[in-house]
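Chain naming here is simple, since letters A, B, ... match the order of the sequence lines and numbering starts at 1 in each.
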There are 2 protein chains.
Amino acid sequence: MPKLVDHEERRAQIIDALLRAAADTGLHAVTMRSVAIEAGTSVRLVQYYFDTKEQLLLAAVNRLTARMGERVRDRVRTAGSSPAPRDIVEAVLLEAVPTDEESRIFHLVHTEYAVLSITDRALGGQRFLAAPKEMEGFLISQLAAAQQAGDADPHLDARQEAVVLLAVSAGLGLSVLLGQRTADDANAVLRYHLGRLFHGGGGSDEGGKASAGRNPAGGK
Amino acid sequence: MPKLVDHEERRAQIIDALLRAAADTGLHAVTMRSVAIEAGTSVRLVQYYFDTKEQLLLAAVNRLTARMGERVRDRVRTAGSSPAPRDIVEAVLLEAVPTDEESRIFHLVHTEYAVLSITDRALGGQRFLAAPKEMEGFLISQLAAAQQAGDADPHLDARQEAVVLLAVSAGLGLSVLLGQRTADDANAVLRYHLGRLFHGGGGSDEGGKASAGRNPAGGK
DNA sequence: GACTTGATGGTATGTTTGTACCATAAAAAC
DNA sequence: GTTTTTATGGTACAAACATACCATCAAGTC
């Protein structure tokens with residue numbers, strides 16, 4: 001087997017093993033051994049490609065944030081042929097709600113890293129600041145565009161609405177991870193909120209309040 | 001010193017030491033030794049009062065959720081002489097935004113526990129489900145009351161708005177913990193959102209959009 | 001005053017962790 | 001065909017951890 005090997009590919013395999021292990025037992029319980037076992041190799045190999053555990057964890061979080069960015073950009077790109085701001089915003093924010101198993105692993109480990117970064121200053125303390133700020137600016141511009149197109153109330157404060165949107169998205173995503181809500185319900189609520197924000201010109205799911213979903217909470 | 005000692009008080013002291021340690025170095029890095037040092041005693045004493053580490057962590061999360069409930073009820077109680085639903089809702093939701101150091105410790109460790117509970121099923125997997133469900137019901141009833149009093153648009157879906165409120169509150173609180181936002185800014189955004197939900201009858205901070213705060217993001 | 005009990009400290013022990021070291025087989029280079 | 005990389009496995013080791021065990025000192029109990 002010892003052919004020449006694509007290092008980047010091996011590293012990616014090991015990092016993916018780490019992500020699975022972290023999603024399964026928690027990031028805090030990830031060890032060199034558990035990663036090696038999950039990857040189906042030896043501890044020595046993990047050392048060979050990442051030297052130290054800290055570097056492995058760092059490489060993993062880098063891959064994670066990079067792929068998170070890709071995911072969001074993919075959503076924007078595939079938001080339809082000539083998407084209205086509402087469609088773009090909806091697509092982007094829905095990304096924060098984990099649906100399939102892969103996205104669940106993704107967001108779970110991402111959340112674990114985010115919380116870890118609060119106390120472990122070594123772990124790129126400002127790694128989780130840039131992306132949200134950028135996203136906030138993006139949402140503001142989309143809201144402003146909708147206002148100018150007459151698809152949103154011009155009296156709204158675009159910045160504060162953007163912050164609210166970001167918080168709703170993150171809060172709903174977290175609640176799904178915590179098992180407090182189904183992904184379907186979270187999606188429905190997010191769309192409901194967007195329906196209150198944008199009028200007219202809205203995506204495939206029309207009608208604002210109408211999309212109450214299966215109302216899993218029952219009557220009261 | 002070996003007088004007779006109030007066990008509950010000693011346990012509370014040790015748990016508080018654990019909370020401080022967890023807020024400082026992260027819950028994952030808390031050890032019997034670090035708790036003992038933070039509490040100013042020996043490891044043996046921590047064993048004496050909690051036997052095993054797992055029981056210590058469990059006792060801590062119990063104390064945490066209990067005090068969280070107290071905090072929310074305190075907020076409701078001191079929400080003014082004859083509070084309108086908006087005042088009550090505002091008071092309750094603002095509790096999720098950490099302001100002083102004590103509440104920061106509180107919410108940080110609570111968040112760490114919540115994320116930990118996703119993967120550690122031993123840690124009362126359903127411990128973080130009851131409180132939010134109860135809260136959701138409470139918010140729904142407050143919104144319904146406001147609608148009947150004419151302080152909120154009767155066309156709104158009270159349940160979905162309640163879920164949005166919960167998500168906004170959690171999302172804003174998390175963003176403050178992550179250092180993405182100041183507590184003041186988070187409070188202002190939350191009040192802005194409430195201003196959009198309730199009209200008339202509202203709390204001390206009047207005017208909806210007007211409360212833009214110091215706008216730390218600058219122009220665009 | 002003798003004795004038991006409650007509260008505490010110190011230390012030993014077995015396990016797990018990250019990392020360093022030794023070994024080797026296959027390919028590449030010459 | 002020998003020699004040098006490259007990729008991999010196994011193992012050894014010091015540190016840290018949770019926990020169990022031994023010791024002690026001050027109160028209460030009789």
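- A salt bridge links A/D74 and A/R77; the closest N-O separation between the charged side-chain nitrogens and carboxylate oxygens is under 4.0 Å.
- OP1 and OP2 of C/dG6 both lie 4.0 Å or more from every side-chain N or O belonging to B/H7.
- A cation-pi arrangement is absent between A/R67 and A/F106 under the rule of less than 6.0 angstrom and at most 45 degrees off the ring axis.
- Salt bridge A/E136/B/R181: present, at least one basic N to carboxylate O contact under 4.0 Å.
- For the contact set between residues 44-64 of chain B and DNA chain C, defined by any heavy atom under 4.0 Å, the members are B/R44, B/L45, B/Y48, B/Y49.
- A/I105 contributes atom CD1, which lies 8.5 Å from atom CG of A/D24 (distance to the nearest 0.5 angstrom).
- At whole-Å resolution of the value, CZ in A/R11 and P in D/dT8 are 14 Å apart.
- Under the rule for a side-chain hydrogen bond (donor to acceptor under 3.5 Å, both in side chains), the partners of A/H107 that lie at least two apart in sequence or sit in another chain are A/E95.
- Between the CD atom of A/Q13 and the C1' atom of D/dT8 there is a distance of 14 Å, given to the nearest Å.
- Across all strands shown, A/R10 has heavy atoms under 4.0 Å from sugar-phosphate atoms exclusively, and none from any base.
- Atoms CE (B/M32) and C1' (C/dT11) sit 17 Å apart, rounded to a whole Å.
- Sequence order on DNA chain D of the closest nucleotides to A/R33 and A/T41 puts A/T41 first from the 5' end.
- One interatomic measurement links the two molecules: CD1 of A/I14 to C1' of D/dT8, which rounds to 11 Å at whole-angstrom precision.
- With hydrogens and angles left out, the side-chain atoms of A/Q13 and A/R10 include a donor and acceptor closer than 3.5 Å.
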